[in-house]
Protein chains: 2
Amino acid sequence: MLGVTADNHLTDEDRKFLAGYDPHAFPPAAVTVDLVILTVRAGELCVLQIRRGEPPQRGRWALPGGFVGPDETLDEAAARELAEETGIRAGAHLEQLATFGDPGRDPRMRVVSVAYLALVPDLPTPVAGTDASEARYLPVAKLGGTEQSLAFDHDRILAEGIERARAKLEYTGLAATFLDEPFTIADLRRVYETVWGVPLHAANFRRKVLSTPGFVEPTGEKLATGRGWAELYRRGATAHLHPAIPRPAAT
Amino acid sequence: MLGVTADNHLTDEDRKFLAGYDPHAFPPAAVTVDLVILTVRAGELCVLQIRRGEPPQRGRWALPGGFVGPDETLDEAAARELAEETGIRAGAHLEQLATFGDPGRDPRMRVVSVAYLALVPDLPTPVAGTDASEARYLPVAKLGGTEQSLAFDHDRILAEGIERARAKLEYTGLAATFLDEPFTIADLRRVYETVWGVPLHAANFRRKVLSTPGFVEPTGEKLATGRGWAELYRRGATAHLHPAIPRPAAT
DNA sequence: GCAATAGTGTCTCTCAGACATTATGGT
DNA sequence: ACCATAATGTCTGAGAGACACTATTGC
């Protein structure tokens with residue numbers, strides 16, 4: 001096991017050094033977090049977008065995000081932004097995605113943006129944040145046209161977020177974070193089909209999910225669906241699936 | 001296909017806004033890149049470390065890294081640091097790992113570090129960079145003791161880098177980037193055994209590698225080894241392996 | 001010959017994919 | 001009765017793991 005705690009004890013030399021240290025000696029940058037917030041609603045994978053209420057690029061759609069506070073960790077800033085935009089404070093999945101810092105990606109100054117990926121259950125309605133005049137969930141299938149392109153380099157961030165989400169469904173139990181509990185195996189299968197954009201074999205999917213230990217936990221309850229009924233499940237404890245859920249090649 | 005190019009065209013409103021914009025309005029931070037440079041030498045997975053030549057934490061071992069220049073992309077800064085520390089300008093694998101920005105991780109000021117992972121072939125001898133007084137390749141098996149703990153939060157960065165490298169060998173052809181060309185199947189197997197720390201079944205490994213299209217390309221040459229001979233191969237063109245190389249559970 | 005490593009052949013077990021069948025309950 | 005969906009059972013092919021065996025060359 002590797003040590004994972006930083007030992008930041010200061011030596012006497014460090015103290016002397018810091019007393020005479022000028023923080024303006026290095027090229028300054030602003031640090032932001034931008035969020036790719038994905039959900040499944042009405043059979044479509046959707047991403048939360050905010051219409052910018054202030055320059056630059058006012059009126060244009062963008063990913064939600066904001067500056068990192070002086071005393072916040074990056075994870076805390078991302079969790080705060082997620083709560084501000086969606087009202088979600090717990091239960092969602094939130095992970096760091098990648099960092100984007102090309103010079104000129106923001107015309108104001110050097111801005112380094114740490115992108116996060118959030119997977120959330122279907123929400124009642126978007127809550128506009130302080131900076132935002134409007135919010136929407138856009139199906140990712142509608143992306144691609146120049147009409148829909150986002151501000152700054154957010155198209156690229158979004159593309160990486162979607163690809164990360166698709167990959168993570170293969171080897172983690174994160175698909176269940178898109179669902180409210182309890183859910184049926186068919187609900188879970190529809191999440192996979194929606195995110196991957198391919199139909200899955202219902203019988204094989206069921207066998208695979210139930211034979212993977214810790215993926216889902218049976219509640220013992222049954223739900224009357226349209227025709228017939230279905231058993232209900234909760235999220236399992238296992239984060240890493242062994243073996244993985246095979247992802248068919250995209251059509 | 002999603003658009004991946006940022007459209008940063010400025011509106012007239014943007015220009016007016018920027019003319020009156022004060023870059024000091026947001027909490028400033030310094031942005032650095034830190035590199036986890038891994039190689040395989042003498043049957044051990046090793047990481048390049050630099051002994052800090054200046055405060056803070058002078059004399060302590062750390063990962064190589066440095067500040068991102070005002071006109072550099074993050075990738076360019078990482079490639080520059082890699083070249084400065086190792087002399088390598090091409091051929092190595094370099095990818096963004098994760099970003100670390102806890103307040104207080106560097107006593108000087110708010111420093112956000114974008115960590116990169118580099119996989120390089122065995123090198124003649126470490127070249128000390130400008131800021132460094134000393135450099136070494138430390139086998140990662142020797143990590144873990146407090147004696148070996150690195151400056152700042154570099155232990156944590158290193159742990160993530162090692163885990164990323166181990167995972168990537170499963171589903172990419174990156175193992176070959178640890179080797180000079182041409183190499184034998186046994187050389188490649190020893191890379192896997194070294195990085196994963198487990199013995200692999202030689203016959204099955206060979207069958208797996210050769211049946212995976214695009215993993216390695218035969219040269220047709222044969223090399224006289226100590227006893228017997230072995231066929232020689234080059235890196236294949238395929239980045240993503242299908243199916244993956246199964247990774248046995250750690251002992 | 002013996003030792004050590006490279007390479008080939010084959011068997012078995014697991015599991016994904018495909019298909020068939022039954023059960024359920026609303027229309 | 002009919003239909004859509006849930007759930008169960010069975011067959012097959014691909015592939016991983018294990019083992020036996022041959023080939024080559026230095027000692």
Side-chain angles (χ1 to χ4, degrees), chain A residues 43 169-171 175 179 182-194 196 198-234 238 240-251, chain B residues 43 169-171 175 179 182-194 196 198-234 238 240-251:
Chain A
L169 289 207
E170 293 185 56
Y171 58 93
L179 296 170
F183 51 84
T184 68
I185 299 289
D187 290 334
L188 189 62
R189 176 171 48 81
R190 277 185 284 268
V191 167
Y192 275 91
E193 291 175 333
T194 301
W196 285 347
V198 293
L200 296 180
H201 196 290
N204 292 338
F205 180 83
R206 174 190 172 78
R207 172 163 47 91
K208 188 79 186 67
V209 167
L210 295 182
S211 68
T212 302
F215 192 2
V216 296
E217 302 290 340
T219 63
E221 310 277 311
K222 292 189 180 187
L223 173 73
T225 60
R227 290 161 173 74
W229 48 269
E231 295 167 10
L232 289 169
Y233 297 84
R234 274 189 293 268
T238 306
H240 213 80
L241 301 185
H242 255 314
I245 310 290
R247 173 181 176 187
T251 330
Chain B
L169 289 208
E170 294 185 57
Y171 59 92
L179 295 171
F183 51 84
T184 69
I185 299 289
D187 290 333
L188 190 61
R189 175 170 50 81
R190 277 184 285 269
V191 168
Y192 275 91
E193 290 175 334
T194 300
W196 285 348
V198 293
L200 295 179
H201 196 292
N204 292 340
F205 180 83
R206 175 190 172 78
R207 172 162 49 89
K208 188 80 186 70
V209 167
L210 295 183
S211 69
T212 302
F215 192 1
V216 295
E217 302 290 340
T219 64
E221 309 278 310
K222 293 190 179 189
L223 172 74
T225 61
R227 289 159 176 76
W229 49 270
E231 295 166 9
L232 289 169
Y233 297 85
R234 273 190 292 269
T238 305
H240 213 79
L241 300 185
H242 254 316
I245 309 290
R247 174 181 175 187
T251 332

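Each chain gets a letter, A, B and so on, in the order the sequences are listed, and its residues count up from 1.
- Rounded to a whole Å, the CZ atom of F205(B) is 17 Å from the P atom of dG15(D).
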### Message
Determine whether W196(B) and I245(B) satisfy the following criterion, side-chain contact (heavy atoms from CB on, under 4.5 Å), listing intermediate values before the conclusion.
### Response
CA-CA 12 Å; W196(B) 285 348; I245(B) 309 290; 4.2 Å; yes
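- Rounded to whole angstrom, the span from the CG atom of L188(A) across to the C1' atom of dA6(D) amounts to 15 Å.
- The structure places CG of L200(B) at 12.0 Å from CZ of R190(B), a figure rounded to the nearest 0.5 Å.
- Following rounding to the nearest Å, H242(B) (NE2) and dA16(C) (P) show an atom-to-atom distance of 15 Å.
- Distance NZ (K208(B)) to P (dA16(D)): 4 Å, rounded to an integer number of Å.
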### Verdict with reasoning, L241(B) to F215(B), per side-chain contact (heavy atoms from CB on, under 4.5 Å)
CA-CA 7 Å; L241(B) 300 185; F215(B) 192 1; 3.9 Å; yes
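- Nearest to the side chain of A203(A), among dG9(D), dG7(C), dG25(C), sits dG9(D).
- As rounded to whole Å, 12 Å separates atom P of dG15(D) from atom CD1 of I245(B).
- We find that CG of L223(B) is positioned 13 Å from C1' of dT25(D), with the value rounded to whole Å.
- Donor-acceptor pairing under 3.5 Å, judged by distance alone, is present between the side chain of R207(A) and the base of dG17(C).
- Toward the 5' end of DNA chain D, the nearer of the two residues P246(B) and A224(B), judged by each one's closest nucleotide, is P246(B).
- Distance CG (L200(B)) to C1' (dA18(D)): 14 Å, rounded to an integer number of Å.
- Summarising the geometry, the separation between CD on E231(B) and P on dT8(C) is reported as 6 Å, rounded to the nearest angstrom.
- Scanning both residues, T184(A) and A230(A), for their nearest heavy atoms gives CG2-CB, 3.7 Å.
- Counting only heavy atoms from C-beta on, W229(B) has its side chain closest to dT24(D) among dT24(D), dA16(C), dA6(C).
- Place T184(B) and N204(B) on DNA chain C by their nearest nucleotides, and T184(B) ends up nearer the 5' end.
- Note on R206(A): every side-chain N or O is 4.0 Å or more away from OP1 and OP2 of dA6(D).
- Within 4.0 Å (heavy atoms only), R189(B) reaches sugar-phosphate atoms of the nucleic acid but no base atom.
- In this structure the side chain of F205(A) reaches within 4.5 angstrom of the side chain of I185(A), judged on heavy atoms.
- Nearest nucleotide to the H201(B) side chain, out of dA18(D), dA16(D), dA6(C): dA18(D).
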